[in-house]
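Heavy atoms only: backbone and side chains are in, while hydrogens, waters and symmetry mates are out.
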Amino acid sequence: MTAPSPELSAPPPPPPPSMRLRELVFGAACAAAVRAAARLGVADALGDAPMTVEDLAAAVKAEPKPLRRLLRALSCYGVFAERPGGAFSHTEMSRLLREDDPNSLRDIALWCTEPWTWDAWPKLDEAVRTGRNVVEDLYGKEFFVYLNEDAPESADVFNRAMTTSSEQSARDVAALLDLSGASSVADLGGGQGHVVASLLDKYPSMAGFLLDLPRVVDNAVPRLRQGGDLAGRARIVPGDIRESVPVKADVYIIKNILEWDDESTAKLLRNVIEAGGPGTRVVVIENLVDDTPSMRFSTAMDLLLLLNVGGAKHTTDSMVGRLTEAGLTVGDIRPVNPYLHAFDCTVPA
């Protein structure tokens, strides 16, 4: 058998800088295409076997010709694949847009492309000049007030996206943390309680606290609420942890919330230190903008935080500095998964 010639087997050369920059400035088209596919439910309609555009269009109630154009654009990025003859099939990425995929990113894809983002991104230069969020000038309200009062559908998308993220990372957090010497754990800003539930499963004698805003903990996972199998060891505490942390625990977990403005972050850390006292363990879990595997994602989220709340993602050094300034002693720093790192801290004597 004749070996393939080097010319045939070599990968194609990368696009020249002029073409790459053209691709980048059309990044909004790619984001909009992912959003459109998610809203249409294309990934859910597409089964394991390739489907014609006509059949897909009938399933999602769309016109075949524009749907082909949408799928062709997405296939350039590895989201769906065009087959010989014009049918389309799933790829590893397109499956992540299915609602029933255990690692689904559908709600996160929608959250990152919600209508308010298209209002805010063009004002990034203004946010860079001033260091302030642009949402309050756009809508006359603080970001989360705007979401809940004026954009309830977007608020629902946010809650679903955070639930998805928490469900997927809770298992990784529980697997990483050794809390065998602790009798209680408190998850601050813990959403619906997926991390607490995972830790209570791992440690059958441990008590757990879930603290978050009332509208959030009202939707805590049923296992933690009255009648749930973990209710006897769980306590749900509604309130604003930036105002106070009204529970004492051996371990406090702070996950993905130390990205607000500096004043709110410093106040929360003071509240934790005051509530726990000397010797208390504080585990801070965050995305980092200097984490190579996820830098494109985390730096984009960093800019989005600047736009909506005036917040920021951290580098390793800036996080250590923030925690140290608050009065914590920083110990081990370990990856939780490709997107998160855990900073294991203690309150000094």
Do [X] and [Y] land in one hydrophobic cluster if side-chain heavy atoms of ILVMFWY residues count as linked below 4.5 Å?
X    : Y    : value
V216 : F143 : no
M93  : F297 : no
I333 : V173 : no
L307 : W111 : yes

Could you walk me through whether Y146 and W116 satisfy the ring pair (Phe, Tyr, Trp, His ring centres under 6.0 Å) test, starting with their C-alpha distance in whole Å, then the side-chain angles of each, then the deciding distance to 0.1 Å, before giving a yes or no? CA-CA 10 Å; Y146 160 74; W116 67 267; 8.2 Å; no

Run the side-chain contact (heavy atoms from CB on, under 4.5 Å) check on V251 and T280 step by step: do they pass? CA-CA 6 Å; V251 181; T280 301; over 6 Å; no

Is there a side-chain contact between [X] and [Y] in this structure, where contact means two heavy atoms from C-beta onward sitting under 4.5 Å apart?
X    : Y    : value
L199 : V195 : yes
L124 : V134 : no
T315 : L288 : no

Tell me whether [X] at atom [atom1] has more than 12 heavy atoms from other residues, nucleotides or ligands lying less than 6.0 Å away.
X    : atom1 : answer
K202 : NZ    : yes
D48  : CG    : no
Y203 : OH    : yes

Quick test of your reading of the model: are [X] and [Y] salt-bridged, counting only N-O distances below 4.0 Å?
X    : Y    : value
K267 : D240 : no
R132 : D137 : yes
D229 : R223 : yes
R281 : D250 : no
R160 : D156 : no
K141 : E149 : yes

Check for a donor-acceptor pair, side chain of [X] on one end and backbone N or O of [Y] on the other, with a separation under 3.5 Å.
X    : Y    : answer
N287 : Y339 : yes
S154 : A151 : no
D212 : L188 : no
S198 : H194 : yes
T91  : S94  : yes
K313 : E286 : no
Q168 : S104 : yes

Could you give me the CA-CA distance, side-chain angles and deciding distance for Y252 and F209, then say whether ring pair (Phe, Tyr, Trp, His ring centres under 6.0 Å) is met? CA-CA 9 Å; Y252 293 88; F209 301 93; 8.4 Å; no

Passing candidate, side chain to side chain donor-acceptor pair (under 3.5 Å) with Q192, options T163, N219, D218: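 When side chain to side chain donor-acceptor pair (under 3.5 Å) is applied between Q192 and each of T163, N219, D218, only T163 qualifies.
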
Just by distance, with hydrogens left out, do D172 and N337 show a side-chain donor and acceptor under 3.5 Å apart? yes

What residue pairs, at least two apart or across chains, pass side chain to side chain donor-acceptor pair (under 3.5 Å) with a residue in residues 13-33? R20-E23

Which residue pairs satisfy the side chain to side chain donor-acceptor pair (under 3.5 Å) criterion with at least one member in residues 293-305, sequence neighbours excluded? D291-S294

Separation between CG (N308) and OG1 (T117), nearest 0.5 Å, reads 10.0 Å

Got a sec, which residues hit side chain to side chain donor-acceptor pair (under 3.5 Å) with D290, two or more places apart in sequence or on another chain? T316

